[in-house]
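Notes follow the structure.
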Number of protein chains: 2
Amino acid sequence: MILAVTEGTPRILTIASPADGTAYGHNALPWGPLDPRTDRTLERTLRSWVARQSRLALGYVEQLYTFDEGRAGEGLRRITVTYLALVQEQAIPQAGAGWRDVYAFFPWEDWRDGRPGVIDDALLPALNTWLARLSDLQQAEQERERVDIHFGVNGAPWVPERVLERYELLYQAGLIPEAGAERQPAFGRPMALNHRRVVATALSRLRGKIKYRPVVFELLPPRFTLWQLQQVAEALAGMSLHKQNFRRLVEQGGLVASTGEFAYDTGGRPAQLFRFRRRVLRERPAPGVGLPGGVS
Amino acid sequence: MILAVTEGTPRILTIASPADGTAYGHNALPWGPLDPRTDRTLERTLRSWVARQSRLALGYVEQLYTFDEGRAGEGLRRITVTYLALVQEQAIPQAGAGWRDVYAFFPWEDWRDGRPGVIDDALLPALNTWLARLSDLQQAEQERERVDIHFGVNGAPWVPERVLERYELLYQAGLIPEAGAERQPAFGRPMALNHRRVVATALSRLRGKIKYRPVVFELLPPRFTLWQLQQVAEALAGMSLHKQNFRRLVEQGGLVASTGEFAYDTGGRPAQLFRFRRRVLRERPAPGVGLPGGVS
DNA sequence: ACCCTTTATGCTCAACCCTAGTATAAGTGA
DNA sequence: TCACTTATACTAGGGTTGAGCATAAAGGGT
């Protein structure tokens, strides 16, 4: 999965999916078979494969999860290894390929404008119906607890990084079109195969990682304003942050250094341009951008 | 990799390694080929495989990293998918199998009795020699920075969870017997193939996860004293913690609840027996055991 | 020139949390 | 009984965070 954040919108690179048995026209993540003749490591193979397909040079790359796709002939299995790459958005010449808003696939994950309405209007009612239909009462109680924990019900807080847990819950509840459910906007745009699950995994990882690793900077140009930085952080975290405090955390945390230059196209007072202070890596144990309590 | 913590010692299950081309008699992690006839998911296959081999019923299981082992015939590759499982130690009937102290493989990672001597006596001198021999000066500077950051040199703090980064650095510097280096006690006991790298990956993950997920409890019996809990946390983190503060964090964090029972075999005042408060999962966003600043 | 709007940035106060202790409780064995 | 060990309670001080107020510096309209 290749992710970029442009003007506050997190976008992933998708390709047109061929018929995959379940539906037609779903978005798909770029993928392909491994060519055993190429490089020695999986990651190198990935990089050269992407370079050939899309002319994108991947910077940050991280392995996500490996799936077993089942038997593939005599004593063999087909395995899918998934990766996350962070880039800066860039035109893709390939037909059918394009950048799509991540939150189109997960409408309930974007809390930047407050709690999304779909949660109370569609997801929770549907989950409750599912719970009510479970015949095994003990299992129903366990599943109710999962719903509470992951969807922040009954006093539980909403935890942004539980993206995958929420997706799996919806999947198990039979609410996800990829699992055969009827397609409804509230449950997000479907993707080919298990690709939406891969995106959920990536988002979970990223939301966790952002707090202790300076990954956001991979998504920004070398020089940026603090507001740009904050917008990227907010886009990934899916929540709004207190501007002055964000600034303080990032500046006092030594994550950025001023370049002395200014951006005048802000619409108000010009903003200083900053750069990532690479040295922070050796100064602080877990240099991430703070994600303090959200703000509506 | 199967991990248990017994009386403050973190131990992994190892089996005797057959000749693997590099050496004989190295420890190996339990592993085996996937049988395509078995279960649908990798994790299930893993569980049933372990159950058959060692009669251990795995509780917590987490996928780690997937390695590409290279070509395996016409258009195929051999892939290794690695897992971490947490259990409670238990006798293993199998010949050649046994539990081994993790820190025998990574002597530099155990800071519970203060900074390990091997770091200054052996690792840093060897790393410096390696740096001095690099001909590309710019690369040498970069590598020096990596050493600083990961080994806590020149004002950088020691960050426990960078286990993998440290191992890779030592590996690249040619100091690891698995890479052909001469075997020296300071660089830890070697393992078969790339198994030590797998252990390093697991330890990194675990040290990171312990702070925001209540994974420690998987390694403890249902009832435990706070001191037992602290010892497990210290064993994984590789550092000593302030007893009173640890107690406060864990108790006030709602991670445990008293059972009303006491353990009288402490050697002093009897200790209350606690149990894990599962409900904390829905109360707090990131319920891990706090790892405040270390204590010598 | 002046005012209004917009965004950037500086600063402060109070609540909270963690660190590093001291102090006390309740067992054991000599 | 005392000396010792471990468990547990409590606290003063420093640092961090949350939330908001205040000021700076641009553009546009009059």
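Note that these values count all heavy atoms, side chains included, but never hydrogens, waters or copies made by symmetry. Throughout, protein chains are lettered first and strands after them, A, B, ... in sequence-line order, and every chain is numbered starting at 1.
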Item to complete: Mind checking side-chain contact (heavy atoms from CB on, under 4.5 Å) for B:Gln272 and listing every partner two or more places apart, or none if nothing turns up?
Response: B:Arg247, B:Ser258, B:Phe262, B:Phe274
Discussion item. The criterion is side chain to side chain donor-acceptor pair (under 3.5 Å); which residues satisfy it with B:Arg100, sequence neighbours excluded?
Written reply: B:Asn27
Practice prompt. Figure out the CZ/P separation between B:Phe246 and C:dC18, and round it to whole Å.
Written response: 13 Å
What does the list of N/O pairs under 3.5 Å between the protein and nucleotides 25-28 of chain C look like, with a distance for each?
| unit_1 | atom_1 | unit_2 | atom_2 | d |
| --- | --- | --- | --- | --- |
| C:dA25 | O4' | B:Arg269 | NH1 | 3.3 |
| C:dA25 | N3 | B:Arg269 | NH1 | 3.2 |

Discussion item. Whole angstroms only, please: what is the CZ-P distance between A:Phe262 and C:dA8?
Written reply: 12 Å
Discussion item. Regarding B:Glu165 and B:Arg146, does a basic nitrogen lie under 4.0 Å from an acidic carboxylate oxygen?
Written reply: no
Worksheet item: What is the distance from CD of B:Glu261 to P of D:dA7, rounded to the nearest Å?
Response: 17 Å
Item to complete: Specify the separation, in whole Å, of atom CZ of B:Phe224 and atom C1' of D:dA7.
Response: 16 Å
Worksheet item: To the nearest Å, how far apart are B:Asn245 CG and C:dT22 P?
Response: 13 Å
Check residues 147-154 of chain A and write down every donor-acceptor pair under 3.5 Å in which the side-chain atom is one partner and the other belongs to a residue at least two apart or another chain.
| unit_1 | atom_1 | unit_2 | atom_2 | d |
| --- | --- | --- | --- | --- |
| A:Asp148 | OD2 | A:Asn154 | ND2 | 3.2 |
| A:Asp148 | OD2 | B:Arg282 | NH1 | 2.8 |

Practice prompt. Using a heavy-atom cut-off of under 4.0 Å over every strand shown, decide if A:Gln244 touches base, sugar-phosphate, or nothing.
Written response: base
Worksheet item: A:Gln272 side chain N/O closer than 4.0 Å to the phosphate oxygens (OP1, OP2) of C:dA8?
Response: no
Item to complete: Specify the separation, in whole Å, of atom CG of A:Asp265 and atom C1' of C:dT7.
Response: 12 Å
Discussion item. Please report the distance, rounded to the nearest Å, between CG in B:Leu241 and P in C:dC18.
Written reply: 13 Å
Item to complete: Report the distance from atom CD of B:Gln252 to atom P of D:dT8, rounded to the nearest whole Å.
Response: 15 Å
Worksheet item: Who are the side-chain contact (heavy atoms from CB on, under 4.5 Å) partners of A:Asp120, not counting sequence neighbours?
Response: A:Arg115, A:Leu124
Fill in: Pairing residues for A:Glu62 by the side chain to side chain donor-acceptor pair (under 3.5 Å) criterion, not counting sequence neighbours
A:Tyr60, A:Arg205, A:Lys209
Item to complete: Name the nucleic acid region contacted by B:Arg247, choosing base, sugar-phosphate or nothing; use a 4.0 angstrom heavy-atom cut-off, strictly under.
Response: sugar-phosphate
Worksheet item: Is the backbone N or O of A:Gly8 less than 3.5 Å from a side-chain atom of A:Arg112, with the two atoms forming a donor-acceptor pair by type?
Response: yes
Worksheet item: Within the structure, does a side-chain N or O atom of A:Lys243 lie under 4.0 Å from either OP1 or OP2 of C:dT7?
Response: no
Item to complete: Could you check which of D:dG20, C:dA8, D:dG18 has an atom nearest any side-chain atom of A:His242?
Response: D:dG20
